[in-house]
Structures are given as structure tokens and as C-alpha cells.
K.L.:
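One structure, pasted below without further comment.
Just so you know, ligand 1 is whichever comes first in the structure, and atom 1 is the first atom listed for that ligand. The figures that follow rest on heavy atoms only: side chains count, while hydrogens, waters and symmetry mates do not. Position 1 is the first residue of the sequence; numbering continues from there. As the structure is a prediction and not an experimental result, all values here were calculated from the model.
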Amino acid sequence: MIGIFDSGVGGLTVARQIIKKLPEYQIIYFGDTARTPYGNKSKETIIKYAIQDTKFLLKNGAKIIVIACHTASAVAASELRKKFPDVPIFNVVKAGLIKAERVTKNKKVGIIGTRATIFSQVHENYLKKIDKDIKVYTEACPLIVPLVEEDWINRPETKKIVKFYLKPFRKEKIDTLVLACTHYPLAKEAIKKAIKRKINIIDPGEEVAKEVDLFLKNHPIIEKRLAKSKKHKFFVSDIPFKFQEFSEKILDQKIKVKQISLD
Ligand code: DGL
């Protein structure tokens, strides 16, 4: 199975892209809903949780891991690679940035994400490594996650908040914006409107799905180990209010969710 984990429900936007790109493979998803959000937590805690999430997926049949959570990707991806050296591990940060570097013309790239993602500076560091002329502008936008989960995306209050967050990007005339948080693809229209110009908006979920696809084509031995089925498995550490409804809206299908404990 393709193992996917996130701090909660938002990672289903990444699962949705993987199911779309790789429809023949069975996925196993874990959302750490009891301990969400990761975006305001310390590095040590995020790493500890990401290791537990990965262990759970591997124990339950995952052969490769996709870190759907941008916060965990930014903060814990290298630790996970050290801890599980034999497991192919993909993350949304790298996938989104490779695309950003390819499409930017004026070399001004904006990144929006949670506080932990932005403060990690992983995006600037990575982009500078592949092209030192790229100017990176970042903004933590912590209010967008709860607004998306409340289904407030089309409310005037949300439009105002998004506009406020994106104001510095408008001034700097970025031509590419990376949605470095699982929830932001669900707010894409509001983000587009707030930017006011036509720019490249990158959904790293889509990019990581392409990366996994290419990897499987080039690694037939690993590809053969993956189960082929549409009966995807969804696990969470808590079932919060409206969880089912929100998940099914993202995935556009009915799902069965099982609650587990990581302790
Ligand atoms: N999944 C997180 C991310 O992509 C957003 C929610 C959280 O803060 O846990 O960064």
C-alpha cells in the first residue's frame, strides 16, 4: 500500500491527488486528528509524532510513505529518512519547490504555510540551493486552516483575512505561489482573487503524486510490492465533529474511517 500521513484531515487533499494519478494502487491514510494541529508545535514534538505516524503505516502494510503534511515534511522529513533508511519516503515540500523553480519567470516565489513550516525556512534553503537567484517571500497564514475546516471559505471575513496575508506578495509582484499547507488547495479561489494578477499557483499534492508515479515506473521491484485495490484504508487518532462530512467532501466519495490509538 501507499502510506500517507498528515496531522489530520487536510492531508486528504494530497490523498485525493494520489488516488487521481495512481488509481490502481491501494492507499492507507493516517490522520493524527487527536493531536492536530502540528503547525504550531515545536520541532521535537512534530518529529516524535511523524515517527509514530510512519511506524503505524509501516506496521499496517505501507511499502512507501508520502508525508502529506507540509509541517511534518518541512520539519521531520530528514529525520524520517534517517530513521527508516530502507523505505522510500516522499514529501510535499520538495515536490512543490521543484515545480516552482521550473515555472517562475521573474524568479520571485511566494510560500504560504503554517508557522512551523515557515519558521523552518526549509523552502528558502532548498530553493536557494537549486537557483541562488530566486527570491523567496514567505508568510505564515495560521488562520486559513480553521477557516477551511469551518467551511468559511466563501465568507467575506475569510476573503479579508486572505487578502491581508497576501498583501506583501502583491507588493513584491511574485509570479509563483506555493500552497505549502494541506488545506490551502481548498481555498485556491479565495487566494487567486486576493493576489489579483494571474500567477502560477502550485498545489504540491499534485506534484508529489507525479513524483510517486515516476518513481514507481522506475522501480518495478517496489512497484510489485504495492497492493492493487480501490479499497483504501483510512485511520485517525480521533473522530472530531464533522470529520466524516469534511473528508468525503474532499475525496468526493464515501469512506469508512477507523479510530486507532498510537500509544
Ligand atoms: N497539515 C498541516 C500542514 O500541511 C496543516 C494543519 C496543522 O497545522 O496540523 O502543514
K.L.:
Just to check, does C69 reach to within less than 4.0 Å of ligand 1 when the distance is taken from its heavy atoms?
P.N.:
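Heavy atoms of C69 do come under 4.0 Å of ligand 1.
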K.L.:
Answer with yes or no whether the hydrophobic clustering places I202 together with V208; edges join I, L, V, M, F, W, Y residues whose side-chain heavy atoms lie under 4.5 Å apart.
P.N.:
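No.
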K.L.:
Pick one: which of D175, T176, D133, D131 meets side chain to side chain donor-acceptor pair (under 3.5 Å) with K107?
P.N.:
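Output: one option passes, namely D131.
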K.L.:
Using 30° and 60° as the class limits, which term best fits the ring planes of F215 and H219: parallel, tilted or perpendicular?
P.N.:
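If you compare the ring of F215 with that of H219, the planes turn out parallel.
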K.L.:
Does any N or O in the side chain of S73 come within less than 3.5 Å of the main-chain N or O of I67, such that one atom is a donor and the other an acceptor?
P.N.:
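Here the side-chain-to-backbone pair exists.
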K.L.:
At less than 4.0 angstrom from any non-hydrogen atom of T182, what atoms of ligand 1 do you find?
P.N.:
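That gives atoms 1 (N), 2 (C), 3 (C), 4 (O), 5 (C) of ligand 1.
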K.L.:
Can you list the atoms of ligand 1 that are under 4.0 Å from a heavy atom of T36?
P.N.:
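Reading through ligand 1 atom by atom, the close ones are 9 (O).
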K.L.:
Considering all heavy atoms of both residues, which atom of A72 and which atom of F5 are nearest to each other, and what is their separation?
P.N.:
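Minimum heavy-atom contact is CB-CE1, 4.0 Å.
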K.L.:
Within ligand 1, which atoms have a heavy atom of Y38 less than 4.0 Å away?
P.N.:
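Checking each atom against Y38, I get 7 (C), 8 (O), 9 (O).
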K.L.:
Under a 4.0 Å heavy-atom limit, does D6 contact ligand 1 with its side chain, its backbone, both, or neither?
P.N.:
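The answer is the side chain.
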K.L.:
Between F56 and F235, what is the ring plane arrangement, given parallel below 30°, perpendicular above 60°, and tilted in between?
P.N.:
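Rings of F56 and F235: perpendicular, as their planes differ by over 60°.
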K.L.:
To which protein heavy atom is atom 8 (O) of ligand 1 closest, and what is the distance rounded to 0.1 Å?
P.N.:
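Going atom by atom, the protein heavy atom closest to atom 8 (O) of ligand 1 ends up being G39 N, 2.8 Å.
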K.L.:
Assess the residue pair K210 and E207 against the criterion (salt bridge (charged side-chain N to carboxylate O under 4.0 Å, His left out)); give the C-alpha distance rounded to whole Å, side-chain angles, the decisive distance to 0.1 Å, and a yes or no.
P.N.:
CA-CA 5 Å; K210 289 182 204 160; E207 301 312 312; 3.3 Å; yes
K.L.:
How far is atom 10 (O) of ligand 1 from its nearest protein heavy atom, and which residue and atom is that?
P.N.:
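It is T71 OG1, 2.6 Å.
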K.L.:
Which atoms of ligand 1 have any heavy atom of C181 under 4.0 Å away?
P.N.:
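Near C181, meaning under 4.0 Å from one of its heavy atoms, ligand 1 has 3 (C), 4 (O), 5 (C).
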K.L.:
Can you tell me which residue and heavy atom of the protein come closest to atom 6 (C) of ligand 1, and the distance to 0.1 Å?
P.N.:
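Looking only at protein heavy atoms, the one closest to atom 6 (C) of ligand 1 is S7 OG, 3.6 Å.
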